Amino acid sequence: MLKQHLQFKLSQKLSPQQIQLMKLIQLPTQAFEQRLKQELEENPALETGKEEGETQEDEFDDLYDNETDSENISAEDINIDDYLSDDEVPDYRTQANNYSADDEEKSVPYAAGISFNQYLINQLNTIYLTDEEWSIAEFLVGSVDESGYIRRPLTDIMDDLAFTQNIYTEEKTIEKVLRIVQDLDPAGVAARTLEECLLIQLKRKEVTPSIELAIVLLEKSFEQFTKKHYQKLIQKHNITEEQLKDAISEIERLNPKPGGSYSGNNRTVEHVVPDFTIRIVDGELELTLNGRNAPELHVSREYNNMLEGYKNSKEKSKSQKDTVMFIKQKLDSAKWFIDAIRQRQQTLYITMNEIMEYQKEYFLTGDERKLRPMILKDIADGIHMDVSTVSRVANSKYVDTPYGTKLIKDYFSESMKNDQGEDVSTKEIKKILETVIGEETKKKPLTDDKLAAILKEKGYPIARRTVAKYREQLDIPVARLRKQI
């Protein structure tokens, strides 16, 4: 008996409808719209928009609450009245109860535009090249990666041209064509190294003493420059500290990844559409679900009319019975999909509302130091749902706040104990670490050991290796590389 009970529970958990519901919950707004479009195309019993005579106040109709299992029902057992409402205009529309049709609906489309590769090719079309030069240039452009670099040696490119393009040429010819490609925009594109990328950009600028010195530093002392051995550079090039500072300032204005500056990069860019919006109204937090998650849906009037015709028919042929079974299957599917959308809306809203309340101090102030330690279980326990459900909402959804649009999972963090034995968010510690480094003397940056000591003084006793880990997660370099003159 126990075994049967466990098998039943397992089968319930793994039911196709439960799996489909979980998949719907996981979808962010744009992907949900695609899924909705697919369902509308595949199920003729499901339609979008309002039925004639339908009002904004119509509630979700629970017409199917007493229906029988569709797998065990025969055509004779179908109670047509269960599928027809009194006014013959059933309402299966779902609306998020926190969304008004009058609200402004923001729609951010996919980024259009051409690929980075095509952008470079279009520029090549304006330059006179021989057939061989064009073929080489096109191949070089095809070798540019998303950061804007050509990482492969020219000898390898020469071999590839011979084997794949049937173009037999010399390395010096490829080098000549490469210079032409490197004249394209954005400045620095098709460089083979960071040094070359920066030099290409500097040499396009109007010549000044600082630009000239910056070029010399990169050409003659690139390694010492990257290691920030400033005193050695001053002595080697017989320059003042102020001259060095001006030259470094010019270099810092350059773009180390020219490919990244082009908005139509190699891959199509999908702009984020927030799934939720949090606003502060009269000192209180107000949460709304993006209205695109609340489509108006109803069952096709034509399908209801077909069922009405079957009900009123005196003679029920086999063909009619087959038809009504098909109609019932589509109606069952439409009913389930609409109900699943309603459950999806409720799950999304309840989960995000719990997160908003849990992190109320942060959302009211925008101060990341106010972020409480929060794990998936904290929210799951608060709304009496499974951790996996909260994870599906948090990992794929964005929320628009007064402080920017952010991925919800970024608000989750583990906790650590401060010197008072209280749980504090690792995000809070990172924010304080970032502030301390931002206020340090750049001529003598703080080492990880000193950072650990400062954090301990502030009440956060963490090890040096933990400081190093947090610093790296914040994308902050070690002290030596933060040094300035």
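Quick caveat, the model's predicted, so the values are computed rather than measured. Atom set for the values below is all heavy atoms of this structure, side chains included, hydrogens, waters and symmetry mates excluded. When a residue number appears, it is its place in the shown sequence, counting from 1.
- Judged by distance alone, with hydrogens and angles left aside, the side-chain atoms of Asp156 form no donor-acceptor pair with the main-chain N or O of Pro153 at under 3.5 Å.
- Looking at Lys37 and Glu39, no side-chain N of the basic residue comes within less than 4.0 Å of a carboxylate O on the acidic one, giving no salt bridge.
- In this structure, Asp246 contributes its side chain and Ser210 its backbone to no donor-acceptor pair below 3.5 Å.
- A distance of 5.0 Å separates OH in Tyr119 from CG in Asp185, rounded to the nearest 0.5 Å.
- Residue Lys397 comes nearest to Ile25 through the heavy atom pair NZ-O, 2.6 Å, listed as atom of the first residue, atom of the second, then distance.
- Residues Phe139 and Ile157 meet the side-chain proximity criterion, which asks for heavy atoms closer than 4.5 Å.
- In this structure, Arg471 contributes its side chain and Leu451 its backbone to no donor-acceptor pair below 3.5 Å.
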* To do: Applying side chain to side chain contact (heavy atoms under 4.5 Å, CB included), run through Ile437 and Leu446 and close with a yes or a no.
  => CA-CA 7 Å; Ile437 291 175; Leu446 299 166; 5.8 Å; no
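- Between Tyr349 and Thr288, the closest side-chain pair of non-hydrogen atoms is not below 4.5 Å.
- Judged by distance alone, with hydrogens and angles left aside, the side-chain atoms of Thr226 form a donor-acceptor pair with the main-chain N or O of Glu223 at under 3.5 Å.
- Thr351 places a side-chain heavy atom less than 4.5 Å from the side chain of Ile379.
- One distance of note links CG of Leu124 with CD of Glu138; it measures 8.0 Å at 0.5 Å rounding.
- Remark: Glu286 CD to Arg279 CZ distance equals 9.5 Å, nearest 0.5 Å.
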Quiz: residues 172-179 side-chain donor-acceptor pairs under 3.5 angstrom, not counting sequence neighbours:
unit_1	atom_1	unit_2	atom_2	d
Glu175	OE2	Arg179	NH2	2.5
Glu175	OE2	Arg192	NH2	3.1
Lys176	NZ	Glu133	OE2	3.3
Arg179	NH1	Gln182	OE1	3.0
Arg179	NH1	Glu196	OE2	3.2

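- Using a 4.5 Å heavy-atom threshold, the side chains of Ile211 and Lys203 count as separate.
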* Asked: Which is it for Val393 and Val390 under the side chain to side chain contact (heavy atoms under 4.5 Å, CB included) test, yes or no, and what are the steps along the way?
  -> CA-CA 5 Å; Val393 175; Val390 177; 5.7 Å; no
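- The pair Asp332-Lys335 does not count as a salt bridge, with every side-chain nitrogen at least 4.0 angstrom from each carboxylate oxygen.
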* Walk me through it: do Arg151 and Asp145 pass the test side chain to side chain contact (heavy atoms under 4.5 Å, CB included)? => CA-CA 8 Å; Arg151 309 280 186 183; Asp145 66 18; 2.8 Å; yes
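- Under the 3.5 Å distance criterion, the side-chain polar atoms of Glu171 are left unmatched by any main-chain donor or acceptor of Leu154.
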* Dump the intermediate steps for side chain to side chain contact (heavy atoms under 4.5 Å, CB included) on Leu364 and Lys370, then the final yes or no. => CA-CA 10 Å; Leu364 283 171; Lys370 301 286 187 184; over 6 Å; no
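- At a threshold of 4.5 Å between non-hydrogen side-chain atoms, the residues Asp400 and Phe276 do not count as touching.
- Within the 3.5 Å criterion, the main-chain N or O of Leu24 finds a donor-acceptor partner in the side chain of Arg344.
- The two residues Ala468 and Asp448 make their nearest non-hydrogen contact at CB-OD2, 3.5 Å.
- Thr347 places a side-chain N or O within donor-acceptor distance of the main-chain N or O of Gln343, the cut-off being under 3.5 Å.
- Pairing each heavy atom of Phe412 with each of Ala394, the nearest pair is CE1-CB, 3.7 Å.
- Remark: Thr466 OG1 to Ile429 CD1 distance equals 9.0 Å, nearest 0.5 Å.
- Listed here is the closest heavy atom pair of Val189 and Pro258: N-CG, 3.9 Å.
- Residues Asn43 and Phe337 fail the side-chain proximity criterion, which asks for heavy atoms closer than 4.5 Å.
- Between Asp378 and Tyr358 the shortest side-chain heavy-atom distance falls below 4.5 Å.
- Under a 3.5 Å cut-off, the side chain of Thr405 and the backbone N or O of Thr401 do not form any donor-acceptor pair.
- Separation of atoms OG (Ser221) and NE2 (His237) is listed at 2.5 Å; rounding is to 0.5 Å.
- For Gln38 and Glu42, the side-chain atoms include at least one donor-acceptor pair closer than 3.5 Å.
- A side-chain N or O of Ser388 and one of Asp386 form a donor-acceptor pair less than 3.5 Å apart.
- Other residues, nucleotides and ligands contribute over 12 non-hydrogen atoms within 6.0 Å of the NZ atom of Lys228.
- Atom NZ of Lys450 is separated from atom CG of Leu455 by 14.5 Å, given to the nearest 0.5 angstrom.
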* To do: Go through Asp367 and Lys431 one step at a time and tell me if the salt bridge (Lys or Arg N to Asp or Glu O under 4.0 Å) criterion holds.
  => CA-CA 9 Å; Asp367 186 350; Lys431 188 64 180 177; over 6 Å; no
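- A cation-pi contact, defined as under 6.0 Å to the ring centre and within 45° of the axis, is absent between Arg292 and Phe32.
- Within the 4.5 Å cutoff, the side chain of Leu433 has no heavy atoms near those of the Ile476 side chain.
- Remark: aromatic rings of Tyr411 and Tyr362 are close, center separation under 6.0 Å.
- Applying the salt bridge (Lys or Arg N to Asp or Glu O under 4.0 Å) rule to pairs touching residues 230-245 yields Glu241-Lys443, sequence neighbours excluded.
- For Asp159, the salt bridge (charged side-chain N to carboxylate O under 4.0 Å, His left out) criterion is met by no residue, not counting sequence neighbours.
- Ser135 places a side-chain N or O within 3.5 Å of a backbone atom of Asp131 that can act as its donor or acceptor partner.
- Scanning all heavy atoms of the two residues, the minimum distance from Leu140 to Ile150 falls at O-CD1, 3.6 Å.
- No salt bridge links Arg465 with Asp449; every basic N to acidic carboxylate O contact stays at or beyond 4.0 Å.
- A donor and an acceptor atom, one from each side chain of Asn353 and Glu357, are nowhere located under 3.5 Å apart.
- Minimum interatomic distance between Thr169 and Leu161 (heavy atoms only, all atoms of both residues): CG2-CD1, 4.2 Å.
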